[in-house]
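Because the structure is predicted, anything quoted here is derived from the model rather than measured. Per chain, numbering begins at 1; letters A, B, ... match sequence-line order.
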Protein chains: 4
Amino acid sequence: MEKKKQIIECAMKLLIKNGPQAAPMSAISKEAGVGMGTIYNYFVTKEDLINQIYVFIKSDQVKNIQHPLSHLPIKHQFDIYYESLIQYFVDNPLYFQYLDQFHNAPVLTEKTRKHGNKSMSFINDLLICGQEQGLIKPIGVKEMIQFLNGGLMSFVRWIHYKNIQLNRMLITNQLQIAWDAVKINV
Amino acid sequence: MEKKKQIIECAMKLLIKNGPQAAPMSAISKEAGVGMGTIYNYFVTKEDLINQIYVFIKSDQVKNIQHPLSHLPIKHQFDIYYESLIQYFVDNPLYFQYLDQFHNAPVLTEKTRKHGNKSMSFINDLLICGQEQGLIKPIGVKEMIQFLNGGLMSFVRWIHYKNIQLNRMLITNQLQIAWDAVKINV
Amino acid sequence: MEKKKQIIECAMKLLIKNGPQAAPMSAISKEAGVGMGTIYNYFVTKEDLINQIYVFIKSDQVKNIQHPLSHLPIKHQFDIYYESLIQYFVDNPLYFQYLDQFHNAPVLTEKTRKHGNKSMSFINDLLICGQEQGLIKPIGVKEMIQFLNGGLMSFVRWIHYKNIQLNRMLITNQLQIAWDAVKINV
Amino acid sequence: MEKKKQIIECAMKLLIKNGPQAAPMSAISKEAGVGMGTIYNYFVTKEDLINQIYVFIKSDQVKNIQHPLSHLPIKHQFDIYYESLIQYFVDNPLYFQYLDQFHNAPVLTEKTRKHGNKSMSFINDLLICGQEQGLIKPIGVKEMIQFLNGGLMSFVRWIHYKNIQLNRMLITNQLQIAWDAVKINV
DNA sequence: AATGAATGAGACTTCATTCAT
DNA sequence: GATGAATGAAGTCTCATTCAT
């Protein structure tokens with residue numbers, strides 16, 4: 001499976017850098033140091049490759065995000081989870097950019113997208129729990145998640161794009177902004 | 001310039017629907033009811049076309065967003081501006097989807113991106129003004145704008161994607177979330 | 001007829017510089033400062049234009065080459081004619097290059113080629129006359145003309161290509177070479 | 001390399017017959033019995049193909065022209081070399097026509113032209129040697145080579161164009177003309 | 001007579017995919 | 001399983017020519 005991993009990593013790099021229409025399979029095979037045919041042993045088509053990369057990243061993300069224990073205070077859980085998400089995407093620029101670029105692409109199949117949504121379940125449950133405790137705004141959880149996620153991704157994009165060094169203050173501020181957005185204001 | 005407008009509108013539609021690699025110039029010319037060569041009279045390359053469409057939308061956006069008078073209370077200005085932004089993108093699904101799909105695409109040139117950033121100047125000034133009045137969090141304005149914008153776009157995407165009818169409550173809630181995110185909490 | 005002349009001169013320039021496949025009619029019209037349609041008022045097609053330029057040059061050549069009086073000694077006539085030919089092609093680089101580049105092109109019609117051959121009649125007669133006087137080799141006149149013409153054109157090409165300044169010695173040498181080639185050696 | 005050879009031969013044929021602008025790559029691939037993409041595995045662009053064909057012919061020419069031993073009398077060497085050149089171009093009409101048609105075309109790169117000039121070195125040395133022996137005119141060798149080459153090519157062109165059968169007399173006459181042109185006349 | 005925007009056939013070139021080795 | 005030369009459909013773009021003004 002060594003080759004498959006190589007292909008995924010190199011394909012990812014080229015797809016991000018040049019865009020899908022400017023990342024030919026031949027270039028990917030060259031970058032990965034394998035024959036063109038080898039790619040087709042692991043991926044049925046180029047679209048399949050693009051989809052599998054997406055799934056690969058999403059799986060890695062789920063594996064590496066901290067899902068705090070549920071007995072902790074909501075705010076505490078929120079901070080741990082949210083910070084680990086920021087940290088993950090800042091630490092893995094390629095993964096971030098890939099998700100950011102292909103999230104809305106028509107190439108992604110419904111199945112792939114479904115798989116991607118799994119990563120949302122924790123924050124979904126957390127917000128609901130928070131509402132029950134009277135901490136979180138009593139409005140549609142979906143709307144809030146959309147907003148938070150969009151805001152987060154946009155922040156990380158800014159970090160990468162401007163080549164900014166992530167530090168404690170930036171994180172603290174983001175946690176504050178995000179929490180204030182959804183918490184009930186007294 | 002009748003033809004140019006036609007081409008822009010039709011190209012936009014196809015580029016969104018199929019993605020850039022699946023929207024051949026021949027299809028665009030057919031959809032626009034002009035000869036293929038005509039497109040190339042107005043746009044040097046396909047990439048130029050994609051860039052010019054982006055600029056076109058951004059210009060239209062700036063023209064159509066309400067920029068409230070600066071003597072009004074900050075919160076009031078914020079609400080007016082932010083609501084008109086939501087309304088604009090909900091009312092113009094094509095424009096929204098186009099921006100959403102191409103915002104990060106490598107085809108966009110630096111110049112195009114620069115042009116796009118002009119639309120940010122109002123909210124930038126507004127937040128600074130709010131900070132001076134002790135209403136807005138004393139943290140980097142850029143970070144807050146990124147967050148707000150990302151959240152907003154993500155919300156509108158959800159509206160369109162799930163085919164939800166925008167109503168007063170949804171707007172009110174978004175304004176609340178957005179404002180809470182950046183205001184100073186007592 | 002001012003415009004027609006302009007078109008011919010400018011078309012010639014571009015056709016030589018870029019080759020026929022890289023000299024679009026649009027570029028020619030621009031260079032000539034006339035509308036595209038205007039070209040088509042004077043020339044039925046691009047091929048017609050190329051042919052007419054050829055004929056134009058050939059006519060100019062015949063008009064400007066010295067045809068010495070027939071009572072002069074053969075050698076004298078030969079020198080006068082040959083030198084004036086060299087001089088003409090050195091003085092008119094564009095005309096030379098055009099003939100040189102299109103002489104064998106399949107675009108030239110039989111009629112155009114016929115017209116071009118008229119310029120050969122003088123040297124043809126001269127060589128025959130020389131043969132009768134026992135001065136010129138008693139071999140096919142056509143072969144000798146081919147050789148002389150090819151040699152001459154090749155010499156002029158060298159002059160232009162290497163950017164050499166034509167001087168008396170170069171001319172004298174060429175006359176010598178050319179004459180020695182066809183004269184009877186004792 | 002079987003395919004590359006096929007492509008070269010077939011492309012040559014079509015380029016001569018129709019001219020470069022009327023010999024589409026699709027027609028060449030069809031004639032050569034290969035896929036269009038195959039051509040582009042060996043030749044970067046159509047221009048590259050045209051250049052490589054030129055180089056191919058020039059190499060073949062050098063390989064097949066007799067370069068007589070240097071201890072032979074100059075005149076003898078001259079005759080052997082010159083006759084073998086005539087014979088080569090008469091025996092290989094396609095090669096001749098190709099060189100004749102593209103020798104001055106703007107598509108040929110400087111590098112290609114350089115390569116082509118290698119074939120001149122033998123005659124260059126021979127004439128210099130002849131000058132040292134007091135046999136050849138003491139004028140610029142380059143000029144004489146230009147003249148001889150131009151004359152030769154022009155003669156062969158005539159042979160092909162008029163469909164004349166080459167025979168001993170025609171050759172003898174050409175050798176005479178050529179030699180007389182450059183030798184010192186007593 | 002002059003113009004030049006519009007046309008669309010057709011050119012060059014790319015690249016996802018196959019398959020014989 | 002690995003390879004990469006070969007394929008050819010399909011894409012982008014050009015440009016000779018027309019025609020309404």
Length of the CG-P vector between C:L49 and F:dT17, whole Å
10 Å
Using only heavy-atom distances, determine whether the side chains of A:T109 and A:T112 contain a donor-acceptor pair under 3.5 Å.
yes
Counting any heavy atom closer than 4.0 Å, what does A:Q21 reach on the DNA or RNA strands: base, sugar-phosphate only, or nothing?
sugar-phosphate
Is there a donor-acceptor contact under 3.5 Å from the side chain of A:H115 to the main chain of A:S59?
no
Let me know the distance between CE of D:M36 and P of F:dA5, rounded to the nearest Å.
19 Å
Just compare E:dT13, E:dA2, F:dA2 and give me whichever is closest to any side-chain atom of A:K3.
F:dA2
Angle class for the A:Y88/A:Y95 ring planes (parallel below 30°, perpendicular above 60°, tilted otherwise)?
tilted
So what does A:M25 hit on the nucleic acid, given a heavy-atom distance under 4.0 Å: a base, only sugar-phosphate, or nothing?
base
Please evaluate residues A:K58 and A:Q61 with respect to the criterion side chain to side chain donor-acceptor pair (under 3.5 Å), reporting the C-alpha separation (whole Å), side-chain torsions for both, the decisive distance (0.1 Å), and the verdict.
CA-CA 5 Å; A:K58 273 296 179 182; A:Q61 176 191 331; 3.2 Å; yes
Can you tell me how far P of E:dT14 sits from NZ of A:K46, to the nearest Å?
14 Å
Using OP1 and OP2 only, check whether a side-chain N or O of B:N41 sits under 4.0 Å from E:dA5.
no
Write down the distance between CD1 (D:I7) and P (E:dT13), rounded to a whole number of angstrom.
14 Å
Any side-chain N or O of B:Y42 under 4.0 Å from OP1/OP2 of E:dA6?
yes
Can you find a side chain N or O atom of A:K30 that sits less than 4.0 Å from OP1 or OP2 on E:dC15?
no
note: D:N18, atom CG; E:dA11, atom C1'; distance rounded to Å ~ 14 Å
In whole angstrom, what separates B:F43's CZ from E:dA6's P?
12 Å
Nearest-nucleotide wise, let me know which of B:P20 and C:T45 is further upstream toward the 5' end of DNA chain F.
B:P20
Atom-pair distance (NZ on C:K4; P on E:dA2), nearest Å
12 Å
Of C:G33 and A:P24, the one whose nearest nucleotide on DNA chain E sits closer to the 5' end is C:G33
Could you say whether D:G37 or C:S26 is positioned toward the 5' end of DNA chain F, judged by the nucleotide with the nearest heavy atom to each?
D:G37
Length of the CD-C1' vector between B:E2 and E:dA6, whole Å:
15 Å
Any strand: nucleotide that pairs with E:dC15 via Watson-Crick or wobble, under 3.5 Å
F:dG8
Derivation of the side chain to side chain donor-acceptor pair (under 3.5 Å) call for B:D48 and B:Q52:
CA-CA 6 Å; B:D48 182 41; B:Q52 283 203 43; 3.1 Å; yes
For F:dT21, which nucleotide in any strand shown is its Watson-Crick or wobble partner with both distances under 3.5 Å?
E:dA2
